[in-house]
Amino acid sequence: MNTAKILQAGEIAKKVKVFAKTIVKKGAPLLEIAEKIEDKIITLGGKPAFPCNLSMDNVAAHYTPSHDDVTLAHGLIKVDFGVHVDGWVADTSLSFDLEGNPLNKKLIEAAEKALVKAQENFKEGASLGKIGLLIQKEIESHGFSPVINLSGHQIEQYDLHA
């Protein structure tokens, strides 16, 4: 494992998340958002690990706009992208409520709190099952259910789902 390159990919991903917050707006074409995110990754010295995913409302994940997609951003949008440096990947996502919907806001807050809970308990030797259970309980404490077939995955060089 090349920790330095993973950390470099992570630093690029962190900057791209900040950038995404400036371009994801209601009515923006999904294809334009995806292209800008992927271009930013390249500008910062990385490469896209996979096509930028922009999933809206009840589509939980993995929607990628095609070359002729005219879909406009609206509702609850999940932005999922990865950065790689020589095949070492940082995989991340963030969500936006483009409608001012209180339920969307509550869902985003639940996800963010679950991430914090995971980070607080992630240390060498930690049981991934235990961390997963903590995430599940945190999400459920906010009245939601986690998507059970979208769990974590191992990442190896040039292998996003090892």
Measuring only between side-chain heavy atoms, which start at C-beta, is [X] closer than 4.5 Å to [Y]?
X	Y	answer
Pro51	Glu38	yes
Val83	Lys47	no
Phe19	Leu44	no

Atom pairs and distances, side-chain donor-acceptor, residues 110-133, under 3.5 Å, sequence neighbours left out:
unit_1 : atom_1 : unit_2 : atom_2 : d
Asn121 : ND2    : Lys117 : O      : 2.8
Ser127 : OG     : Gly129 : N      : 3.3
Ser127 : OG     : Lys130 : N      : 3.1

What pairs of donor and acceptor atoms, side-chain ones from residues 98-108 against any protein atom, are under 3.5 angstrom apart with sequence neighbours left out?
unit_1 : atom_1 : unit_2 : atom_2 : d
Glu99  : OE1    : Lys26  : NZ     : 2.8
Glu99  : OE2    : Gly75  : N      : 2.8
Asn101 : OD1    : Leu103 : N      : 2.7
Asn101 : OD1    : Asn104 : N      : 3.2
Asn104 : ND2    : Asp97  : OD1    : 3.1
Lys106 : NZ     : His142 : O      : 3.3

How would you list, by chain and number, every residue that makes a side chain to side chain contact (heavy atoms under 4.5 Å, CB included) with Ala60, sequence neighbours excluded?
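Val147, Leu150.
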
Side-chain atoms of residues 28-36: list all donor-acceptor pairs with protein atoms under 3.5 Å, sequence neighbours left out, distances to 0.1 Å.
unit_1 : atom_1 : unit_2 : atom_2 : d
Glu32  : OE2    : Lys36  : NZ     : 3.3

Apply the hydrophobic cluster definition, ILVMFWY joined by side-chain contacts under 4.5 Å directly or through others, and give me every member besides Val18.
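Joined to Val18, directly or through intermediates: none.
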
- Counting distance only, does the side-chain N/O of Asn53 pair as donor-acceptor with the main-chain N or O of Asp80 below 3.5 Å?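 No, because the side chain of Asn53 does not come within donor-acceptor range (under 3.5 Å) of the backbone of Asp80.
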
Measure the spacing between [atom1] of [X] and [atom2] of [Y] and express it to the nearest 0.5 Å.
X	Y	atom1	atom2	value
Glu11	Lys14	CD	NZ	4.0 Å
Leu134	Ile139	CG	CD1	11.0 Å
Gln157	Met1	CD	CE	11.5 Å

Transitive ILVMFWY side-chain link [X] to [Y], under 4.5 Å:
X	Y	value
Ile41	Ile23	yes
Phe96	Phe144	no
Val59	Leu54	yes
Met56	Val79	yes
Leu76	Val24	no

(request) Work out which heavy atom in Ile77 is nearest to a heavy atom in Ala73; give both atom names and the distance. (result)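 Smallest interatomic distance, heavy atoms only, reads CD1-CB, 4.1 Å.
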
So Ile12 and Val85, side-chain contact (heavy atoms from CB on, under 4.5 Å) or not? Walk me through it. CA-CA 9 Å; Ile12 293 168; Val85 174; 4.2 Å; yes

#### Entry: side-chain contact (heavy atoms from CB on, under 4.5 Å) assessment of Ile37 paired with Val16
CA-CA 7 Å; Ile37 287 172; Val16 173; 3.8 Å; yes

Side-chain H-bond candidate by donor/acceptor type, Lys17 with Thr92, under 3.5 Å: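 Lys17 vs Thr92: donor-acceptor pair found between side chains.
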
Do the side-chain N and O atoms of Thr71 and Asp69 include a donor-acceptor pair separated by under 3.5 angstrom?
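Per modelled atom types, Thr71 and Asp69 side chains form a pair under 3.5 Å.
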
- Task: Could you tell me whether Lys137 and Glu140 make a salt bridge, using a distance below 4.0 angstrom between a side-chain N and a carboxylate O?
- Result: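 Judged by the 4.0 Å cut-off on N to carboxylate O distance, Lys137 and Glu140 do not form a salt bridge.
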
Any pair with a residue in residues 53-89 that passes ring-ring contact (aromatic ring centres under 6.0 Å, His included), sequence neighbours left out, goes on the list, sorted by first then second residue, please.
->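 Output for this query lists His84-Tyr158.
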
